[in-house]
**Q** 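One structure follows; several queries about it will come next.
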Amino acid sequence: MKTRRAQFRVLGIVVTMIAAVVLPTAQAPDRIHGQLTVRGPVRVIEGDTLEVSLNGTRVGVRIPGIKVPRGNTPCGRQASAAMRDLLASGAILDEEIRLSPRDNRGLSLLRVTTRGGRPVAAELAAAGLAIADDANGNAADFPEIV
């Protein structure tokens, strides 16, 4: 009986090692180094969070410098809809070199502007759909947000 268990244990280890080599894990880069243009609509998760494809990998992005209501509230749905409208034709992502590359949830912290160059964070704040987040006061758009 012990021999059988040992055989299964060894088999499990071998299968795990093969899977680790054969099935590479896709991970978003810590920094995007410069500017990246996303063509076409992006997936809006909430009013300050979106998902884009970087090098074939889906990456969660949070816009630093703003706080928005949760997406399951009327105000949160309004902020999400406004961001969908702003990013309907795509987005331009810039690294925020003065901030950590990721937030506490593991989302990439990136400056997001429309394809026309309008900062999304400032647009949402101007529309009354977001407020300034002092925790990310070093964000590039923070002066415009305030």
**Q** Got a sec, which hydrophobics cluster with V146, joining ILVMFWY side chains under 4.5 Å apart, including via others?
**A** F142
**Q** Using a 3.5 Å distance criterion without hydrogens, assess whether the side chain of S108 forms a donor-acceptor pair with backbone atoms of L110.
**A** no
**Q** Is any side-chain heavy atom of V52 closer than 4.5 Å to one of V61?
**A** yes
**Q** How about I92 and V112: do any of their side-chain heavy atoms sit closer than 4.5 Å?
**A**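 Sidechains of V112 and I92: no contact.
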**Q** Identify the heavy atoms of A82 and L129 that sit nearest to each other, and give their distance.
**A**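 Closest approach of A82 to L129: CB-CD1, 3.5 Å.
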**Q** Give every residue pair that meets the side-chain hydrogen bond (donor to acceptor under 3.5 Å, both in side chains) criterion with at least one member in residues 61-88, sequence neighbours excluded.
**A**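 Every side-chain hydrogen bond (donor to acceptor under 3.5 Å, both in side chains) pair that includes a residue of residues 61-88, provided the two are not neighbours, is R62-D103.
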**Q** Decide yes or no for V120 and M83: does some side-chain heavy atom of the first lie under 4.5 Å from some side-chain heavy atom of the second?
**A**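 Sidechains of M83 and V120: in contact.
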**Q** Within the structure provided, determine whether L86 and R118 are in side-chain contact (heavy-atom separation under 4.5 Å).
**A**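 Counting from C-beta outward, L86 and R118 do come under 4.5 Å.
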**Q** Following the transitive rule for hydrophobic clusters with a side-chain heavy-atom cut-off under 4.5 Å over Ile, Leu, Val, Met, Phe, Trp and Tyr, establish whether L87 and L107 coincide in one cluster.
**A** no
**Q** Does any non-hydrogen side-chain atom of R111 lie less than 4.5 Å from one of E95?
**A** no
**Q** State, to 0.1 Å, how close D141 and P119 come at their nearest heavy-atom pair, and which atoms those are.
**A** OD2-CB, 3.4 Å
**Q** Taking all atoms of both residues into account, what is the closest heavy-atom pair of G47 and L124, and its distance?
**A** O-CD1, 3.2 Å
**Q** Quick one: CD1 on I66 to CD on E123, what's the gap to the nearest 0.5 Å?
**A** 11.0 Å
**Q** If only side-chain N and O atoms count, and only distance matters, is there a donor-acceptor pair under 3.5 Å linking T37 with R115?
**A**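 Note: R115 and T37 side chains miss the donor-acceptor criterion.
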**Q** Go through the steps to decide whether I63 and L50 satisfy the test side-chain contact (heavy atoms from CB on, under 4.5 Å), and finish with yes or no.
**A** CA-CA 8 Å; I63 302 171; L50 54 127; 4.1 Å; yes
**Q** Could you tell me whether a side-chain N or O of E96 sits under 3.5 Å from a main-chain N or O of P64, the two making a donor and an acceptor?
**A**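 Answer holds: no.
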